[in-house]
Amino acid sequence: MKEMTPLEEIRHSAAHVLATAVLRLYPDVKLDIGPPTSSGFYYDFDSEIPFTPEVVEAIEAEMKKVIKENQRFEKIEVSRDEAIEMIKEMGQETYKLGRLDDIPEGEAISFYRNGEFSDLCAGTHVNYTKKIKAFKLLNVAGSYHRGDSANKQLQRIYGTAFASKDELKEHLHRIEEAKKRDHRTLGREMGLFHIDDMVGQGLVLWKPNGAIIRQELEGFISSELSKQGYSQVYTPHVGKLELYRTSGHFPYYQDSQYPPIIHRDCLTELAEEGCSCSELSNKLEEGEIDGYLLKPMNCPMHIRIFRSEQHSYRDLPIRLAEFGTVYRWEQSGELNGMTRVRGFTQDDAHLFIREDQLQDEIQGCLGLVKTVFSLLGMNDYRVRVSLRAPESDKYVGEAEAWDKAEDALREAVKTLGVEFEEELGEAAFYGPKIDFVVKDVIGREWQLGTVQVDYNLPERFDLTYVGADNQDHRPVMIHRAPFGSMERFCGVLIEHFAGNFPTWLAPEQVRLLPMNDDLIDHAESLLIQLKEKKVRASIDRHSGKLGAKIRKAETDKIPHMIILGKREVEEGKVSIRSRNMPDLDGTCPFEDFLLAVSKEIESKSLPAKRPSVEKSPS
RNA sequence: GCCCAUGUAGCUCAGUCGGUAGAGCGCGUCCUUGGUAAGGACGAGGUCGGCGGUUCAAAUCCGCUCGUGGGCUCCA
């Protein structure tokens, strides 16, 4: 058992105190498990009464009493039989006996006792409850016993604890601050996107400002694609079920698809025959009737493009790219702002390659992901090499091919020059992958960019190219998306910049602030010049005081302000107040400013004064 | 999908014991014409998410439903 850090000991002890308090108030509650986490602790309870906020408040008060009693934490080593006896005495057989069984034969079994409470536990703990100087219960959540949704759902109480009250206060403050950077909050405030009840859950409406950001990002990707020998294609949003039967997505992933679209005449006919729902479902699965599916992924369509003509080994790699919109029926409880949605656009591409090209092509894809991340200053990401689980049968294809693909990915990821970890069982069913994972403001991880090797779909769709030997050969496919999806990426990006985008991405790049109405005409003439240079700018025509206009522009997170007074007009200059380029602050000829901003946009440079990016509370 | 919480003006929220709805911001009009983060006055905006029930009377109590938040499960 790994030694706990002092902070983990505090949190783990707090979890025991939590259980102590719960049992004092509700003796019938059954305990499951209560570990420390990266940001606090939790304990899972099986309780007849729901843990409402009032109940949690009472529990928290009881915990304070327990701490005040300054109970000593005492380790008790026991034999397995004694352990069973103790668990039975406490009436905690329901889950604790199972937990006891998890401890391998021969390993030490211990309980920790504090006051009247003891818990099967390997430790370690603080020595006295008073060492828990600052804690707070945060929220209640459902959780399945052993993480299996087939098991009973328990109530989990989350809390956090720190070595001092100040640290706790600081932590809670950080959570509050992080909420202000939440992409859902900023997305509304900045007019970036809207999710509308009447349109549907998880379906994002990109508002004008958000659309600008997306267009800039797509434009950047497009230019990179043409540099790297990709061909862009367009494909429709629906395709025949037969297409997805061939790819294997229908019917096996039916639960995560919008239901099929079936022709009206066909439905009428079936209704007249008295066809039941399950019969209909069977007919669809068997292929006796056909219909259309909102496309859950782009690959099958790109594959059919590849297959529409003959390819020589000389033509490979063929790289087909598309900002392809896909629809997936995500569980309602999983939906989250822009980061988990039901309709989203992948910056997708599929590479059809010879096996000998695998290494180079993977590296090319990784290079693109890296380019994107460094351009945006996103350095805080995790790279995961997702491999197959050794003894699982969910994977298709030959072990030999898998080994080759996994080796190729391992080798390629080393050239990235970043830390990475291999995770078994995270691979897609058709092949291993490399994923780029980032955290949002509240510490949740989201997978963005991905590079996947696939030996399966070329087989299913019988793809071939003609080799130098004049024989047919099977190409290998790479699936890759540097952003992952435009929705999720933008959501994460909003939080990354806290809305203070680099100028090239900012929906409004420059705002002109005339001191009074007489200066609006002058502002108009500058606006025309800005627009000629394709700078996104506007004039604040309100009649408020300058201070108010500046405040508005600041809260609107405009990168550059031009303040226009009589003085500037007479001198033929402008007064600049700049967030992204503090060097520009002060007075200068308008032409100089125009040049500097054009250059800044052209170079896609990051803000010079980085927004104070606070670490997520993890 | 499951557990808990939650839904009042465009936004953030108040609304006591059930008695026909309030603030700030924003928006509009007018006044103000200014010097680097909030000038002033007036005004418009709400079937209190929806449906049903209890009641003389429901934003308020109950049921259902839809949405949202935090988790859990899931994520080809």
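Convention: sequence-line order gives letters A, B, ...; per-chain numbering from 1.
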Under 4.0 Å between any heavy atoms, over every strand shown, what does T52(A) touch: base, sugar-phosphate, or nothing? Just pick one.
sugar-phosphate

Could you check which of A76(B), G71(B), C3(B) has an atom nearest any side-chain atom of R328(A)?
A76(B)

Say we look at A14(B) and A23(B): how far apart would their C1' atoms be, to the nearest angstrom?
7 Å

Considering only atom P, compute the distance from U65(B) to G46(B) and round it to an integer number of Å.
30 Å

Looking only at atom P, what distance separates C48(B) and G35(B), rounded to whole Å?
47 Å

RNA chain B in dot-bracket form (Watson-Crick or G-U pairs under 3.5 Å, [ ] crossing, | inter-strand) is (((((((..((((.....[..)))).(((((.......))))).....(((((..]....))))))))))))....

Are N298(A) and H350(A) side-chain neighbours, meaning at least one heavy-atom pair lies under 4.5 Å?
yes

Span that lies between the P atom of G50(B) and that of U60(B), in whole angstrom
10 Å

In this structure, which one of I539(A), I562(A), I520(A), V510(A) forms a side chain to side chain contact (heavy atoms under 4.5 Å, CB included) with L527(A)?
I539(A)

Within the 6.0 Å centroid threshold, strictly below: Y430(A) and Y455(A):
no

Run the salt-bridge test on R511(A) and E508(A) with the 4.0 Å N-O cut-off and return the result as yes or no.
yes

Between G39(B) and A44(B), how many Å separate the two P atoms, rounded to a whole number?
24 Å

Describe the nucleic acid contact of R577(A) in one word from base, sugar-phosphate, nothing, applying a heavy-atom distance below 4.0 Å.
base

Counting only heavy atoms not in E57(A), do more than 12 sit closer than 6.0 Å to its CD atom?
no

Have a look at E568(A) and say if it touches a base, only the backbone sugar-phosphate, or nothing, with a 4.0 Å heavy-atom cut-off.
base

For a quick check of understanding: with a heavy-atom distance under 4.0 Å over all strands, which category does Y158(A) fall into, base, sugar-phosphate or nothing?
sugar-phosphate

Pair D255(A), W329(A): side-chain N/O donor-acceptor within cut-off below 3.5 Å:
no

Using nucleotides 61-67 of chain B, report all nitrogen or oxygen pairs with the protein that are shorter than 3.5 Å.
| residue | atom | partner | partner atom | Å |
| --- | --- | --- | --- | --- |
| G67(B) | OP1 | Q201(A) | OE1 | 2.9 |
| G67(B) | O2' | D197(A) | OD1 | 3.0 |

Under 3.5 Å, is there a donor-acceptor pair between the S143(A) and D44(A) side chains?
yes

Ignoring the backbone of S256(A), work out which of A76(B), G1(B), G70(B) is nearest its side chain.
A76(B)

Does G147(A) reach a base, just sugar-phosphate, or nothing at all? Heavy atoms under 4.0 Å.
sugar-phosphate

Applying the side chain to side chain donor-acceptor pair (under 3.5 Å) criterion to D32(A), which one of R146(A), K96(A), R99(A) satisfies it?
R99(A)

Students often get this wrong, so: under 4.0 angstrom with heavy atoms, is K566(A) touching a base, only sugar-phosphate, or nothing?
base

Winner on side-chain proximity to A548(A), out of U36(B), A38(B), C4(B), is A38(B)

Expressed in whole Å, how much space separates the P atoms belonging to C42(B) and G67(B)?
43 Å

Classify Q257(A) by what it touches in the nucleic acid, base, sugar-phosphate, or nothing, heavy-atom distance under 4.0 Å.
base

For R184(A) and G70(B), is the shortest distance between a side-chain N/O and OP1 or OP2 below 4.0 Å?
yes

Kindly indicate whether a cation-pi arrangement holds for R245(A) with Y252(A), taking the cut-offs as under 6.0 Å to the six-membered ring centre and within 45° of the axis.
no

Ring centers of F429(A), Y395(A) separated by less than 6.0 Å:
no

Counting only heavy atoms not in K30(A), do more than 12 sit closer than 6.0 Å to its NZ atom?
yes

Quick one: label D518(A) by what it contacts on the DNA or RNA (base, sugar-phosphate, nothing), any heavy atom closer than 4.0 Å.
nothing

Say you pick atom P in G10(B) and the same atom in G52(B); how far apart are they, in whole Å?
23 Å

Tell me if G24(B) is syn or anti. Syn = glycosidic torsion within 90° of 0, anti otherwise.
anti

Is there a side-chain contact between F135(A) and M63(A) in this structure, where contact means two heavy atoms from C-beta onward sitting under 4.5 Å apart?
yes

Distance below 4.0 Å between N139(A) side-chain N/O and C3(B) OP1 or OP2
no

Atom C1', compared across U6(B) and G49(B): separation rounded to whole Å
12 Å

Applying a 4.0 Å non-hydrogen cut-off, can you work out what P296(A) is touching in the nucleic acid: base, sugar-phosphate, or nothing?
base

Looking at every strand, decide which applies to R340(A) at a 4.0 Å heavy-atom threshold: base, sugar-phosphate, or nothing.
base

How is G547(A) classified with respect to the nucleic acid when contacts are heavy atoms under 4.0 Å: base, sugar-phosphate, or nothing?
sugar-phosphate

Do the non-hydrogen side-chain atoms of F483(A) and R488(A) ever get within less than 4.5 Å of each other?
no

Given G70(B), U36(B), U33(B), which nucleotide is nearest the side-chain atoms of N516(A)?
U33(B)

From A76(B), C11(B), A5(B), pick the nucleotide closest to the side chain of R188(A)?
C11(B)

Selection from C4(B), A76(B), U33(B) that lies nearest to any side-chain heavy atom of P50(A):
C4(B)

Would you mind classifying the nucleic acid contact of R444(A) as base, sugar-phosphate or nothing, using non-hydrogen atoms under 4.0 angstrom?
sugar-phosphate

Any N or O donor-acceptor pair linking the side chain of Y144(A) to the base of G71(B) at under 3.5 Å?
no

Hey, does the side chain of S332(A) come within less than 4.0 Å of G1(B)'s phosphate (OP1/OP2), counting only N and O?
yes

Can D348(A) and R480(A) be counted as an ion pair, charged N to O under 4.0 angstrom?
no

Assess the pair F41(A) and Y43(A): is the distance between their ring centroids shorter than 6.0 Å?
no

From G39(B), U36(B), A76(B), pick the nucleotide closest to the side chain of K545(A)?
G39(B)

Show each protein N/O and nucleotides 25-31 of chain B N/O combination with a separation under 3.5 Å, one pair to a line.
| residue | atom | partner | partner atom | Å |
| --- | --- | --- | --- | --- |
| C31(B) | N4 | S543(A) | OG | 3.4 |

Students often get this wrong, so: under 4.0 angstrom with heavy atoms, is Y42(A) touching a base, only sugar-phosphate, or nothing?
nothing

Quick check for you: among C3(B), A76(B), U33(B), whose closest atom lies nearest to any side-chain atom of H249(A)?
A76(B)

